[in-house]
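Keep in mind that the numbers below use all heavy atoms, side chains included, and drop hydrogens, waters and symmetry copies. The sequence lines fix the lettering, A, B, ..., with proteins before strands; numbering per chain opens at 1.
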Protein chains: 2
Amino acid sequence: MSVTADAAEPTRSARVSGIDKVERRRIALAESALKTLGELGYARTSLREIANNSEFTHGVVHYYFRDKIDLISYCVRYYKTKCAQRYDEVVETAESADDLAVGFLGKMTQTLVEETAMHRLWYDLRAQSMFEEQLRADVTAIDELLEQMIWRILTRYADLVGGSPAVDSPTAYALVDGLFEQAVVGYAADPEKVPDLLAGRVRQILPKLIAA
Amino acid sequence: MSVTADAAEPTRSARVSGIDKVERRRIALAESALKTLGELGYARTSLREIANNSEFTHGVVHYYFRDKIDLISYCVRYYKTKCAQRYDEVVETAESADDLAVGFLGKMTQTLVEETAMHRLWYDLRAQSMFEEQLRADVTAIDELLEQMIWRILTRYADLVGGSPAVDSPTAYALVDGLFEQAVVGYAADPEKVPDLLAGRVRQILPKLIAA
DNA sequence: ACAAAGTCTTGACGACTGTCAAAAGGCTGG
DNA sequence: CCAGCCTTTTGACAGTCGTCAAGACTTTGT
């Protein structure tokens with residue numbers, strides 16, 4: 001569906017080029033919103049703050065999005081299209097278990113460092129979804145995407161190492177995610193060491209998830 | 001330090017029985033606040049809402065706590081004294097690896113079911129602490145406590161099984177916590193199956209964390 | 001070039017927030 | 001039993017929030 005907007009639909013009979021323009025505006029808004037959300041977190045981010053940190057006014061936000069949840073929800077869906085295919089290239093090009101492990105861990109620490117804010121926001125939103133029903137659907141959708149991503153890596157790893165996964169897909173995801181979340185939470189306190197610690201720990205765990 | 005209050009200190013020359021009374025009031029407020037926080041989450045909980053769901057008025061809250069963060073922070077510290085010793089009895093009384101595993105998993109699923117709201121709040125607060133400095137210290141303190149708790153269980157388990165831990169303490173905690181958080185997040189969607197799934201998964205993982 | 005549709009700005013609204021101060025009530029020591 | 005401190009209530013404040021409407025501006029079809 002590619003980030004379709006069942007949203008505010010501001011223009012009813014949009015011209016052929018207009019619908020693209022609207023979509024572009026929405027994406028621009030979303031990207032700006034994501035920047036602010038990543039810095040302040042869900043709770044402390046207001047629509048006015050989002051508008052302030054962008055080239056738009058707060059009225060525009062409500063013109064392109066029905067309400068706050070609609071915007072956030074759109075942001076989340078937009079974000080997901082970017083995040084879950086992060087390791088796909090590594091999975092496809094790796095020709096040995098070590099290739100895969102090194103590539104995977106490299107990408108992982110890279111995104112931890114370069115997109116810390118976005119990961120913070122993700123864990124924030126997942127927590128918020130426990131209290132706000134309207135976020136639930138989008139959050140679980142992303143969770144499934146991430147789970148599948150980890151599963152692709154693990155099964156490929158098993159292939160290369162000549163074994164098979166010793167745990168099911170949700171378990172594998174929960175374990176890796178636990179390590180990653182720990183790294184995201186602790187990153188602010190020690191940006192130097194945390195990435196390497198994470199890499200080492202995941203590397204240590206990976207083989208344990210494979211059975212001969 | 002046992003939930004000491006470097007807080008509002010409302011009464012300066014409190015009578016000997018007065019200081020207890022103040023502390024009791026604080027605890028009552030905190031317990032009521034935790035109930036509301038557990039239901040609504042950190043962001044959506046206001047001081048007035050906390051007061052409404054209690055026998056006190058909103059003025060009293062500010063009489064016993066300097067501000068909102070002071071209250072939340074006190075709640076968190078109060079909560080931690082209850083949560084981290086949950087498995088201690090099991091660890092001490094278990095005489096076989098199976099004893100320990102069964103007891104541990106039992107308590108774990110029990111607290112998942114009976115104190116879901118409190119666990120939701122915990123993951124919410126940990127996420128918030130990434131954005132709100134004032135929560136950071138208390139949150140990491142609890143995290144360390146929980147880590148030590150898991151470590152006690154794992155080392156005891158290793159003893160009983162005649163091996164030694166194959167991962168370090170932070171890793172073990174991150175893995176188990178990942179599984180538990182997954183269960184907490186998913187509990188609302190399927191309260192029937194999630195506890196058993198969690199138990200099964202942890203049981204599957206435990207032996208993998210031990211080296212001969 | 002004109003009218004219509006789309007886009008954007010601005011200002012306002014009601015509701016809610018954390019915080020505080022003034023005053024009333026209650027308890028205890030003398 | 002009264003004075004004085006502790007506790008609580010109540011009402012108000014300044015600020016922020018999401019939302020919306022009225023109008024101005026811009027683009028487009030004809």
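B/I50 places its CD1 atom 14 Å from the C1' atom of C/dT19, with the value rounded to the nearest Å. Regarding A/N52, its CG atom lies at a distance of 11 Å from the P atom of D/dT16, rounded to whole Å. The separation between A/K21 atom NZ and D/dT26 atom C1' is 8 Å, rounded to whole Å. Atom CD of B/E23 is separated from atom P of D/dC6 by 17 Å (rounded to the nearest Å). Between A/R66 atom CZ and D/dG18 atom C1' there is a gap of 14 Å when expressed in whole angstrom units. B/F56 places its CZ atom 15 Å from the C1' atom of D/dC6, with the value rounded to the nearest Å. Straight-line distance from the CZ atom of B/F65 to the C1' atom of C/dC20: 18 Å, rounded to whole Å. Atom pair A/L40:CG and D/dC17:P shows a separation of 10 Å (rounding to whole Å applied).
Distances shown here put every side-chain N or O of A/T57 at or beyond 4.0 Å from the OP1 or OP2 atom of C/dC8. Of the side-chain N and O atoms in A/Y64, one or more sit less than 4.0 angstrom from OP1 or OP2 of C/dC8. Contact annotation: A/Y63 does not reach the phosphate of C/dC8 (side-chain N/O to OP1 or OP2, under 4.0 Å). Dashed line: the shortest gap from a side-chain N or O of B/H62 to OP1 or OP2 of C/dC20 is under 4.0 Å.
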Donor-acceptor contacts under 3.5 Å from residues 50-57 of chain A side chains, at least two apart:
from	atom 1	to	atom 2	distance (Å)
A/N53	ND2	A/T36	OG1	3.3
A/S54	OG	A/A51	O	2.9
A/S54	OG	A/F56	N	3.0

Give every donor-acceptor pair under 3.5 Å between a side-chain atom in residues 174-189 of chain B and any protein atom, sequence neighbours left out.
from	atom 1	to	atom 2	distance (Å)
B/D177	OD1	B/Y123	OH	2.8
B/D177	OD2	B/R126	NH1	3.1
B/D177	OD2	B/R126	NH2	2.8
B/Q182	OE1	B/R201	NH1	3.4
B/Q182	NE2	A/P170	O	3.0

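In this structure the side chain of B/E144 never reaches within 4.5 angstrom of the side chain of B/M149, judged on heavy atoms.
When distances are taken from the side chain of A/V22 to each of C/dT9, C/dT19, C/dT7, the shortest belongs to C/dT7. Residue B/H58 has its side chain nearest to C/dT19 when only C/dT19, D/dT8, C/dG11 are considered.
Residues passing the side-chain hydrogen bond (donor to acceptor under 3.5 Å, both in side chains) test with B/Y42, sequence neighbours excluded: B/E132. With sequence neighbours left out, the side-chain hydrogen bond (donor to acceptor under 3.5 Å, both in side chains) criterion links A/S169 to A/E147. Residues that satisfy the side-chain hydrogen bond (donor to acceptor under 3.5 Å, both in side chains) test with B/D88, not counting sequence neighbours, are B/R152.
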Tabulate atom names and distances for all N/O pairs under 3.5 angstrom spanning the protein and nucleotides 15-18 of chain C.
from	atom 1	to	atom 2	distance (Å)
C/dT17	OP1	B/S46	OG	3.1
C/dG18	OP1	B/L47	N	3.4
C/dG18	OP1	B/K68	NZ	3.2
C/dG18	OP2	B/L47	N	3.0
C/dG18	N7	B/R48	NH1	2.7
C/dG18	O6	B/R48	NH2	3.3

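Exactly one residue among B/R86, B/K107, B/K82, B/R120 makes a salt bridge (Lys or Arg N to Asp or Glu O under 4.0 Å) with B/E115. That residue is B/R86.
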